[in-house]
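Index from 1, following the sequence.
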Amino acid sequence: RSNLMGTKFTVFDNGANPDRANADWSNVRQELAAVVYETNVLGFKGPRKMTVIIPGMNSDNERVPIRPRNDNDGLLMRWQNRSMDNVIELHNKAPVWNDETQSYVLNFHGRVTHASVKNFQIVHGDDPDYIVMQFGRVADDAFTMDYNYPLCAVQAFAIALSSFDGKLACE
C-alpha cells in the first residue's frame, strides 16, 4: 500500500484487515516492511534516498509480529515517533560521484550491469559493508535482486517493487 505521493509504502502479509479480526487477533495481517523515499522538493536529479523499516528479530532469529490495530500503530508510525523497539531501520547505501563516467556509482560486484535510478543497495547503519539487499538493472527490461538476513524473499521483492512506482515528490 502506498501513500498518495508514492513516497511511503507498507507491506502486509495475507492476514485479515483489523476490521475483520478474530476475538484473539490471531488472523490479523502482519506488517512485513515499510519503505520511505525522501522527498526531493528542489528537483535535483541526484540519487534517491530511501529508508526501509522492518520488524525486529527475536532470540530465535524469528520475525517479531507487528499487527497494527489502526493507522496510528504500525512500522511507519513507530519509525516517525522514534519508537524503535523490535524495529530495524535500514538505508540505501549512498553512491559516490565518478568523475570519469560523470555519474553516481555503487559497486555491485558484477551483479548489476546497466545504470538506472532504480539501482540500490540496502545496508544497516551499524555495518555499511554488509549488503542486506541489492537491486538493479541488467537489461532494458530485466533486473536482478539479491537479499540477505534479516530480509525474507517477500520483504525484498516488495521493496524492489516499490522502486517502480512513480514518485511525484522524488523525481
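- Counting only distance, with no hydrogens or angles, the side chain of N148 and the backbone of I131 share a donor-acceptor pair below 3.5 Å.
- Checked against salt bridge (Lys or Arg N to Asp or Glu O under 4.0 Å), R78 has the following partners two or more places apart in sequence or in another chain: D73.
- R111 meets the salt bridge (Lys or Arg N to Asp or Glu O under 4.0 Å) test with D146; sequence neighbours excluded.
- Hydrophobic cluster membership is shared by L161 and I122, with clusters built from Ile, Leu, Val, Met, Phe, Trp and Tyr side chains linked at under 4.5 angstrom.
- Using a 4.5 Å heavy-atom threshold, the side chains of V28 and R69 count as separate.
- A donor-acceptor pair under 3.5 Å links the side-chain atoms of E31 to the main chain of L75, judged by distance alone.
- A donor-acceptor pair under 3.5 Å links the side-chain atoms of N119 to the main chain of H114, judged by distance alone.
- Note that OG of S2 and CG of L4 are 8.0 Å apart. Values are rounded to the nearest 0.5 Å.
- The distance from the NZ atom of K93 to the CG atom of D129 is 5.5 Å, given to the nearest 0.5 Å.
- Shown here for P128 and V123, the closest heavy-atom pair between the two residues is O-CG1, 3.4 Å.
- Panel note: side chain R137, backbone S116; no donor-acceptor pair is recorded below 3.5 Å.
- Applying the side-chain hydrogen bond (donor to acceptor under 3.5 Å, both in side chains) criterion to D24, with sequence neighbours excluded, gives S26.
- No donor-acceptor pair closer than 3.5 Å links the side chain of N27 to the backbone N or O of A16.
- Looking at residues two or more places apart in sequence or on another chain, you find no side-chain hydrogen bond (donor to acceptor under 3.5 Å, both in side chains) involving S83.
- A single hydrophobic cluster is not seen to contain both V11 and V36; linkage of ILVMFWY side chains at heavy-atom distances under 4.5 Å, directly or through other members, places them apart.
- In this structure, I54 is not a member of the same hydrophobic cluster as F12, with clusters built from ILVMFWY side-chain heavy atoms closer than 4.5 Å.
- The stretch residues 70-103 participates, sequence neighbours left out, in these ring pair (Phe, Tyr, Trp, His ring centres under 6.0 Å) pairs: W97-Y104.
- The list of ring pair (Phe, Tyr, Trp, His ring centres under 6.0 Å) pairs with a residue in residues 115-156, not counting sequence neighbours, reads F120-F135, F135-F143, F135-F164, F143-F164.
- Within the 4.5 Å cutoff, no side-chain heavy atoms of P68 are placed close to those of R29.
- For G136 against V112, the heavy-atom pair with the smallest separation is CA-CG2, 3.6 Å.
- T51 contributes atom OG1, which lies 7.5 Å from atom CG of N92 (distance to the nearest 0.5 angstrom).
- The hydrophobic cluster containing M84 does not contain L32, counting ILVMFWY residues as joined when their side-chain heavy atoms lie under 4.5 angstrom apart, directly or transitively.
- N3 places a side-chain N or O within donor-acceptor distance of the main-chain N or O of G6, the cut-off being under 3.5 Å.
- The distance from atom CG of N70 to atom CE of M77, rounded to the nearest 0.5 Å, is 9.0 Å.
- When all heavy atoms of I88 and P150 are compared, the pair lying nearest together is CD1-CG, 4.1 Å.
- Nearest heavy atom pair, residue P55 against residue Q155, reads CD-NE2, 4.0 Å.
- The closest side-chain heavy-atom distance from I159 to L151 is below 4.5 Å.
- Of all non-hydrogen atoms in K8 and L76, the two that sit nearest each other are CB-CD1, 4.2 Å.
- When all heavy atoms of A160 and M145 are compared, the closest pair comes out as CB-SD, 4.0 Å.
- D60 contributes no side-chain N or O that, together with a main-chain N or O of E62, makes up a donor-acceptor pair within less than 3.5 Å.
- The closest donor-acceptor contact from the side chain of T113 to the backbone of V138 lies under 3.5 Å.
- When hydrophobic clusters are built by joining Ile, Leu, Val, Met, Phe, Trp and Tyr residues whose side-chain heavy atoms come closer than 4.5 Å, directly or via intermediates, M133 is grouped together with F157.
- A donor-acceptor pair under 3.5 Å is formed between the side chain of Q121 and the backbone N or O of N107.
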